[in-house]
Amino acid sequence: MIFAPKILNWYREHQRELPWRETREPYKVWLSEIILQQTRVAQGMPYYYSFVEAFPTVFDLANAPEEQVLKLWQGLGYYSRARNLHAAAKMVVNDFNGEFPKTYKALKSLKGVGDYTASAIASFCFDEPEPVVDGNVYRVLSRYFGVDIPINSTQGIKYFKELAREVMDERNIRDYNQGIMEFGAIQCAPKKPYCLLCPLQDSCVALKENKVDSLPVKQNKTKVRNRYFNYLVLLDQNENTILEQRRGKGIWQNLYQFPLIESEKKLQAEALKPLIKEKEDVPELESLSLYNNEPIVHKLSHQHLHTQFWILKTSHILEQGTQWNEIGNFPVPVLIADFIKTLKI
DNA sequence: AATTCGGGGAA
DNA sequence: TTCCCAGAATT
């Protein structure tokens with residue numbers, strides 16, 4: 001038997017029951033696909049449920065304030081997905097009369113919908129014979145066919161998309177596409193795949209040539225940048241504090257945080273004081289104390305954030321401040337949320 | 001073509 | 001620790 005039927009047979013035996021597999025509504029499928037980009041099913045699942053509940057239709061999502069969308073997204077990471085999700089919902093409402101586009105090409109015009117996601121929605125909802133190529137598919141194809149072209153090279157991206165197209169089952173594209181991804185996630189796993197029980201063992205090149213552990217090939221190691229964050233946690237007599245929204249480029253766009261002073265290295269209090277004076281909207285201080293003696297190292301894919309939280313008490317009233325017991329309403333990075341949880345005032 | 005976007009879970 | 005997850009957009 002050839003490749004695709006084996007995938008289909010395996011899928012019909014082993015597929016998980018997932019909420020977005022029980023529908024062909026493009027809105028829900030799209031929602032699930034954005035949430036699941038670079039995200040494990042187990043991590044994305046609760047977010048899927050909360051989004052469907054908060055925004056049952058694309059109109060509800062389009063009409064929501066961005067802050068509500070970001071708040072619901074909090075903790076999931078890659079926040080441009082949330083901003084693009086919101087923008088795409090507005091596009092569907094305004095440019096497509098509230099109805100999702102039905103083709104790969106039109107779907108790809110939506111913000112945050114790239115090659116994979118457009119293929120997924122088009123095939124899952126509308127049976128368009130377009131192959132999905134995600135991390136799972138790269139792994140399955142590279143192993144089964146013994147392809148050692150780097151999956152993240154320009155050549156590799158093109159090669160695997162063509163290969164995926166050649167071996168797909170056009171007439172069962174919905175199940176086939178979900179099947180090959182599910183197969184990669186469960187059977188042909190990144191580490192220690194259970195090849196002894198694999199239905200493709202007879203014809204898998206990687207297994208035959210003992211290359212399972214070395215495929216797929218990936219180039220470009222990520223280099224990590226170290227940054228030093230000093231957060232100024234202001235507190236006045238009325239338990240008001242100051243939160244600012246992150247603007248411009250970089251991490252955590254449009255999320256909130258305490259006023260930040262970034263430095264080249266770890267700072268002591270004496271070195272920080274003159275920098276605080278240069279900050280606007282910081283009143284005269286009654287006391288300055290370091291909350292965490294050792295910097296908290298918050299690790300992102302490309303950055304390690306060495307963070308110190310400084311407690312700044314003032315006898316002045318923070319006119320533009322936020323009540324401490326209301327800061328939970330703001331979308332904040334996990335780094336900030338974790339700190340808020342542990343601080344007692 | 002390379003980099004930059006988060007956070008968490010598994011080995 | 002390291003790897004990588006139902007990738008996309010920007011540089």
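Chain letters run A, B, ... following the sequence lines, proteins first, then strands; residues in each count from 1.
Judged purely by distance below 3.5 Å, without hydrogens or angles, the side chains of A/H316 and A/D236 never pair a donor atom with an acceptor atom.
A heavy-atom distance below 4.5 Å is not found between the side chains of A/W30 and A/V92. Contact check for A/V167 versus A/L141: side-chain heavy atoms found under the 4.5 Å cut-off. Counting heavy atoms from C-beta outward, A/L235 and A/L312 have side chains that stay 4.5 Å or more apart. When side chains are defined from C-beta on, A/F183 does not count as touching A/Y11, because their heavy atoms never get closer than 4.5 Å. A/V69 has its side chain within reach of A/F55: a pair of non-hydrogen atoms, C-beta onward, lies under 4.5 Å apart. A/V334 places none of its side-chain heavy atoms less than 4.5 Å from the side chain of A/W252. Two residues are said to be in side-chain contact when any heavy atoms from C-beta on lie closer than 4.5 Å; A/V137 and A/F160 fail this criterion.
Between A/K192 and A/G77, it is A/G77 whose nearest contact on DNA chain B lies nearer the 5' terminus. Nearest-nucleotide assignment on DNA chain B puts the 5′-proximal partner with A/G75, out of A/G75 and A/K191.
Listed by residue number, A/Q178, A/M181 are the residues of residues 160-182 of chain A with a heavy-atom contact under 4.0 Å to DNA chain C. The stretch residues 242-255 of chain A comes close to DNA chain C through A/K249, each having a heavy atom under 4.0 Å from the strand. Non-hydrogen atoms lying under 4.0 Å from DNA chain C are contributed by A/E33, A/L36, A/Q37, A/Q38, A/T39, A/R40, A/V41, all within residues 31-53 of chain A. Only at 4.0 angstrom or more do the heavy atoms of residues 151-158 of chain A sit from any atom of DNA chain C, so none qualifies.
Across all strands shown, A/Q219 has heavy atoms under 4.0 Å from sugar-phosphate atoms exclusively, and none from any base. In this structure, A/V113 reaches the sugar-phosphate backbone alone: every heavy-atom distance under 4.0 Å involves primed, P, OP1 or OP2 atoms, never a base. At a threshold of 4.0 angstrom between heavy atoms, the contacts of A/R16 with the nucleic acid are absent. In this structure, A/L335 reaches neither bases nor backbone, as no heavy-atom distance under 4.0 Å exists between it and the strands shown. Using a 4.0 Å heavy-atom criterion, one finds that A/W73 contacts no nucleic acid atom at all.
Centroid-to-centroid, the aromatic rings of A/F339 and A/Y291 come within less than 6.0 Å. A/Y48 has its ring centre less than 6.0 Å from the ring centre of A/W20.
Atom pair A/R81:CZ and B/dG8:P shows a separation of 12 Å (rounding to whole Å applied). Rounding to whole angstrom units, NE2 of residue A/H302 and C1' of B/dA2 are separated by 10 Å. B/dG8 atom P lies 10 Å from atom CG of A/L300, rounded to whole Å.
In this structure, A/E66 does not pair ionically with A/R83, as no charged nitrogen and carboxylate oxygen lie closer than 4.0 Å. We find that A/R165 and A/E130 are joined by a salt bridge, their nearest charged nitrogen and carboxylate oxygen being less than 4.0 Å apart. A/D175 has a carboxylate O that lies under 4.0 Å from a charged side-chain N of A/R12, or vice versa, which qualifies the two as a salt bridge. Look at A/D127 and A/R24 and you find a salt bridge, because one of the NZ, NE, NH1 or NH2 atoms lies within 4.0 Å of a carboxylate O, short of that distance. Ion pairing between a basic and an acidic side chain is recognised when a charged N comes within 4.0 Å of a carboxylate O; A/E99 and A/K102 show such pairing. Look at A/R227 and A/E264 and you find no salt bridge, because none of the NZ, NE, NH1 or NH2 atoms lies under 4.0 Å from a carboxylate O.
Where DNA chain C meets chain A (any atom under 4.0 Å from a heavy atom), the bounding nucleotides read 5' to 3' are C/dT1 to C/dT11.
Rounded to whole Å, the P atom of C/dT10 lies 14 Å from the corresponding atom of B/dG6. The P atoms of B/dA11 and C/dA6 are separated by 14 Å, rounded to the nearest whole Å.
Residues satisfying the ring pair (Phe, Tyr, Trp, His ring centres under 6.0 Å) criterion with A/F124, sequence neighbours excluded, are absent altogether.
Between A/H298 and B/dG7 there is a side-chain N or O to OP1 or OP2 distance below 4.0 Å.
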